[in-house]
Novice: 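Below you will find the structure I want to go over with you.
Just so it is clear: chains get the letters A, B, ... in the order the sequence lines come, proteins before strands, and each one is counted from 1.
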Amino acid sequence: MERPLLARPLSSASFPVRDYNLAATLTSGQAFRWRAVNGTWEGVLQNRWVRLHQAAPHSPDAPHASIIEATTDAPPHDWRWLTDYLRLDDDHAAALATFPDDKPMRTALAHCRGLRLLRQNPWECLASFILSSTKQIVQIQQCVELLCERFGEPIRSGAPAERRQISDHRSAALCRDAATPNFAFPTAARLASASEIELRECKIGFRAKYLLAAARMVASAELDLAKVQSLPLDAARAELMRCPGVGRKIADCTLLFSCGFDAAFPIDVWVERALQQLYFAKRRAKRARLEHFAATHFGPHAGLAQQYLFHYLRVAGKKELKR
DNA sequence: CACCAGGCGACTC
DNA sequence: GAGTCGCATGGT
């Protein structure tokens with residue numbers, strides 16, 4: 001018999017931001033649990049439900065200034081769990097200033113200045129990206145949600161009554177298929193105790209054995225994700241790549257999106273295509289050459305630069321970069 | 001109904 | 001050691 005999870009009083013806070021495009025950031029393929037609900041974003045961080053809303057910037061004096069409003073049922077004193085995740089304390093302008101001043105970067109930046117990196121939980125990030133191979137972002141979201149529903153701890157969700165009051169057409173459209181997440185991401189220990197068959201029931205196919213192996217390594221402390229964060233980049237990457245099913249791309253995603261390695265530069269097929277076309281148009285460059293170029297050309301915030309390139313060609317450059 | 005999707009690893013030659 | 005191929009599943 002399950003105990004009902006009663007909603008606690010909600011608490012809210014407002015955070016002033018500059019050059020922070022919340023929607024672009026939450027949908028940029030870094031994290032997979034955010035859902036658009038009535039013009040807001042709902043997600044789960046650790047064991048907390050949270051709703052975010054970004055007010056449109058209207059001041060002509062500060063066109064890139066805005067407010068992010070957060071609502072949750074956690075005690076209202078300490079918001080570090082959220083500000084750390086959103087990396088609100090980053091000096092974003094300083095990071096952008098380290099980008100190389102070349103045409104591809106200028107174009108990508110002109111397209112969107114507010115794309116940010118998140119600081120996710122390393123286990124959730126690693127597990128999510130193990131699921132990501134040969135899947136599209138929507139499918140990854142579905143698989144992650146299935147895993148959470150089946151293996152995650154139930155958590156309190158926001159006030160549903162409040163949500164139902166809003167019913168204009170645009171909100172209804174945004175609400176489409178937007179199931180509110182009610183479960184925490186499953187722990188490594190919980191997944192380690194599952195069978196490969198059970199995991200496969202979450203539609204993850206051949207990735208099930210990889211996820212299971214990674215869960216066992218993390219749960220048994222054979223792989224210490226906290227320690228990974230303190231290693232040099234190359235050693236940290238090698239450590240993650242000990243997991244079967246974790247190659248360089250998935251390792252770099254985990255390092256960049258959750259372990260604080262801002263210089264990690266994941267190269268997937270799209271970024272490879274972009275680098276090839278934008279920086280090596282004449283000669284054909286091999287993968288190792290591109291990796292070396294990425295590690296030396298984009299500077300200490302290469303990973304953020306990669307996000308800008310990826311975002312730019314995902315939303316605008318698909319036609320220009322088709323093979 | 002083919003074809004492919006933010007890869008990886010095993011298998012060729 | 002550098003290219004090719006199978007792997008599950010769902011969406012165009």
Novice: Please test A:K227 against A:E239 for salt bridge (Lys or Arg N to Asp or Glu O under 4.0 Å), starting from the C-alpha separation and ending with a verdict.
Specialist: CA-CA 10 Å; A:K227 200 178 80 183; A:E239 192 64 10; 5.0 Å; no
Novice: Calculate the interatomic distance between A:F32 atom CZ and B:dA5 atom P; express it in whole Å.
Specialist: 16 Å
Novice: How many Å lie between CD1 on A:I250 and C1' on B:dG9, as a whole number?
Specialist: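 After rounding, the gap between these two atoms is 12 Å.
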Novice: Taking any heavy-atom pair under 4.0 Å as a contact, classify A:F310: base, sugar-phosphate, or nothing.
Specialist: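 Base contact.
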Novice: Counting the atoms with a prime plus P, OP1 and OP2 as sugar-phosphate, which does A:P244 contact under 4.0 Å by heavy atoms, base, sugar-phosphate, or nothing?
Specialist: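 Since only primed, P, OP1 and OP2 atoms lie under 4.0 Å of A:P244, the category is sugar-phosphate.
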Novice: Using a heavy-atom cut-off of 4.0 Å across all strands, would you classify A:E272 as base, sugar-phosphate, or nothing?
Specialist: nothing
Novice: What's A:S28 touching, base or sugar-phosphate or nothing? Going by heavy atoms closer than 4.0 Å.
Specialist: base
Novice: Rounded to the nearest Å, what distance is computed from the CD atom of residue A:Q139 to the C1' atom of nucleotide B:dC4?
Specialist: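 To the nearest whole Å, that distance equals 10 Å.
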Novice: Roughly how many Å is it from NZ in A:K286 to C1' in C:dA2, rounded to a whole number?
Specialist: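 It works out to 8 Å between those atoms.
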Novice: Can the ring centres of A:F280 and A:F293 be said to be less than 6.0 Å apart?
Specialist: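 Here the rings of A:F293 and A:F280 have centres that are less than 6.0 Å from each other.
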Novice: Find the distance A:R287:CZ to B:dG6:C1' and express it as a whole number of Å.
Specialist: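 Taking CZ of A:R287 and C1' of B:dG6, I get 11 Å after rounding.
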Novice: Between atom CZ in A:R242 and atom P in B:dG9, what is the gap in whole Å?
Specialist: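 Rounded to the whole Å, the gap is 14 Å.
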Novice: Starting from C1' on C:dA8, measure out to CD on A:E196 and report it in whole angstrom.
Specialist: 12 Å
Novice: Check whether the ring centres of A:F298 and A:F265 lie less than 6.0 Å apart, and answer yes or no.
Specialist: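 Close enough - the centres of the two rings lie under 6.0 Å apart.
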Novice: Let me see the working for A:E222 and A:R242 under salt bridge (Lys or Arg N to Asp or Glu O under 4.0 Å), right down to the final yes or no.
Specialist: CA-CA 10 Å; A:E222 181 187 348; A:R242 289 172 48 225; 3.5 Å; yes
Novice: Using the six-membered ring of A:W81, assess whether NZ or CZ of A:R48 lies under 6.0 Å from its centre and within 45 degrees of the ring axis.
Specialist: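 Verdict for A:W81: a cation-pi partner in A:R48.
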Novice: Work out how far the C1' atom of B:dG9 is from that of C:dG10, and round it to whole angstrom.
Specialist: 23 Å
Novice: Starting at the 5' end of DNA chain B and moving along, which residue's nearest nucleotide shows up first, A:V246 or A:I267?
Specialist: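 By nearest-heavy-atom nucleotide position, the 5'-most residue is A:I267.
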Novice: Please report the distance separating the C1' of B:dC3 from the corresponding atom of C:dC5, rounded so that it comes out in whole Å.
Specialist: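 Between the two C1' atoms, the distance is 16 Å.
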Novice: Compute the centroid of each ring, for A:Y20 and then for A:F15, and state whether the two points are separated by less than 6.0 Å.
Specialist: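 Between A:Y20 and A:F15, the centre distance exceeds or equals 6.0 Å.
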Novice: Check whether the ring centres of A:Y279 and A:H297 lie less than 6.0 Å apart, and answer yes or no.
Specialist: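 Yes - the distance between ring centres of A:Y279 and A:H297 falls below the 6.0 Å cut-off.
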Novice: Tell me what A:G247 touches on the nucleic acid: a base, only sugar-phosphate, or nothing, going by heavy atoms under 4.0 Å.
Specialist: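 It contacts sugar-phosphate atoms only.
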Novice: Could you identify which residues of residues 201-219 of chain A place a heavy atom less than 4.0 Å from some atom of DNA chain C, listed by residue number, or say none?
Specialist: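 Residues of residues 201-219 of chain A under 4.0 Å from DNA chain C: A:K203, A:G205, A:F206, A:R207.
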Novice: NZ of A:K135 versus P of C:dC7: gap in Å, rounded?
Specialist: 16 Å
